[in-house]
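Below is one structure, written out as structure tokens; the observations come after it.
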Amino acid sequence: MNSSRPLILAHGGAGSRQVTPAQSTCLADAIAAGYSILAQGGSALAAVESTIGLLEQSGLFNAGRGANRQLDGAQRMDAAIMEGAHLKAGAVASIEGIVHPISAARLVLEETNHVLLVGPFAGKFSRHFKLTRHRSTGPSRRFPYDRMLSKHTRSTRERHGTVGAVALDRSGTVAAGASTGGIESMLPGRVGDTPLIGCGVYADNQSGAVSMTGIGEGIIRLVIAKSICDRLAMGKSPAVAARQVLRMLVSRINGSAGALVLSPDGRFSIRHVTPYMAAGWWNGIGQPTVQGQFP
Ligand code: ASP
């Protein structure tokens, strides 16, 4: 059997804000937890779910307990997970009332023949599997709809902290995942790139694994995760593939994003076209590395 050296990367969002010390510690702990699954021979899929689950649980990021609110005050979350051996994928969009959308996504992958469940039906599915509930106590806003429409178009503030991970396990399989509460000032029902396979997340043992963060509308329009994987499949390195696609995102549509890119031979790149990106990685040597910027 082919034996790869395990490796995991995780991110806590890309944007205009520097990572906080608490977020940095949490990322390092989540990376270490995911790595220990890989070191014991666990799957890349399990490591990605576990790492993202700890970040969702922390309340420090825009995912799970800390998810952003839409303009009506509700937390509606998106998540996806994919593995590269059989190209299996699962995702949930606009899900409410649970701590771990990433686990709901994995259950869609494992327990159904579908790829994406949305809204109240995704919530019903996760309650069926007894995923931990989260009672959101935020403001319920009763803005008239035209006020929400003008507020969403005028918004220039960026809120970050989407979480994601990519991993390579001992068997040589890669996996990718991401979980988010979306962006600032979203209309109710807005869905970003995160739960859309090929946009926010992609994994294929014949190319690599990618987890995106940034303004989802641009990432969707250029199908960024799959575009990066296509370049890996053509023989480009993770650094070159990420650079070319992120450059295109900026030059064609003035998009804003950061990417974790991992190839099945263990080469990787963390790249962003935002001022900051909170991310880190570990291959079991020394301590996990976490930084707020990647040149
Ligand atoms: N990509 C996420 C979205 O658009 C947000 C982010 O990554 O910060 O929903």
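Just so you know, ligand 1 is whichever comes first in the structure, and atom 1 is the first atom listed for that ligand. In this chain, residues are counted from 1 in sequence order.
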> When you check the side-chain N and O atoms of S211 and H11, is any donor under 3.5 Å from an acceptor?
Replying inline: yes

> How many angstroms lie between atom CZ of R221 and atom CD1 of I215, to the nearest 0.5 angstrom?
Replying inline: 12.0 Å

> Taking distance alone, with no angle check, do D78 and ligand 1 share an N/O pair under 3.5 Å?
Replying inline: no

> Hey, which of D193, T180, L116, L196 is the one that makes side-chain contact (heavy atoms from CB on, under 4.5 Å) with D78?
Replying inline: T180

>> In this structure, does ligand 1 have an atom that sits under 4.0 Å from one of the heavy atoms of E217?
In response: no

>> Can a side-chain donor-acceptor contact be found between Q70 and R190 if the only test is distance below 3.5 angstrom?
In response: no

> Near D193, which atoms of ligand 1 are under 4.0 Å from a heavy atom of that residue?
Replying inline: 1 (N), 2 (C), 3 (C), 4 (O)

>> I'd like the name of whichever of G216, G192, A257, G214 reaches closest to atom 2 (C) of ligand 1 through any heavy atom.
In response: G214

>> Against E56, only a single residue in T51, I102, I98 fulfils side-chain contact (heavy atoms from CB on, under 4.5 Å); can you say which?
In response: I102

>> In this structure, does ligand 1 have an atom that sits under 4.0 Å from one of the heavy atoms of G13?
In response: no

> Taking only heavy atoms of T162, which atoms of ligand 1 are found under 4.0 Å from at least one of them?
Replying inline: 2 (C), 5 (C), 6 (C), 7 (O), 8 (O)

> If we ignore angles and hydrogens, is there a donor and acceptor under 3.5 Å between the side chains of S103 and E49?
Replying inline: yes

>> Considering only residues two or more places apart or on different chains, which pairs with a residue in residues 23-33 satisfy salt bridge (charged side-chain N to carboxylate O under 4.0 Å, His left out)?
In response: none

>> At less than 4.0 angstrom from any non-hydrogen atom of G182, what atoms of ligand 1 do you find?
In response: 5 (C), 9 (O)

>> What's the separation between atom CE in M82 and atom CG in L45, rounded to the nearest 0.5 Å?
In response: 11.0 Å

> Are any of the N or O atoms of N62 closer than 3.5 Å to those of ligand 1?
Replying inline: no

>> Would I183 count as a polar contact of ligand 1, with the cut-off being nitrogen or oxygen pairs under 3.5 Å?
In response: no

>> Under 4.0 Å from a heavy atom of T213: which atoms of ligand 1 are those, numbered in the order shown and with their elements?
In response: 6 (C), 7 (O), 8 (O)

>> Applying a heavy-atom cut-off of 4.0 Å, say which part of E184 lies close to ligand 1: side chain, backbone, both or neither.
In response: neither

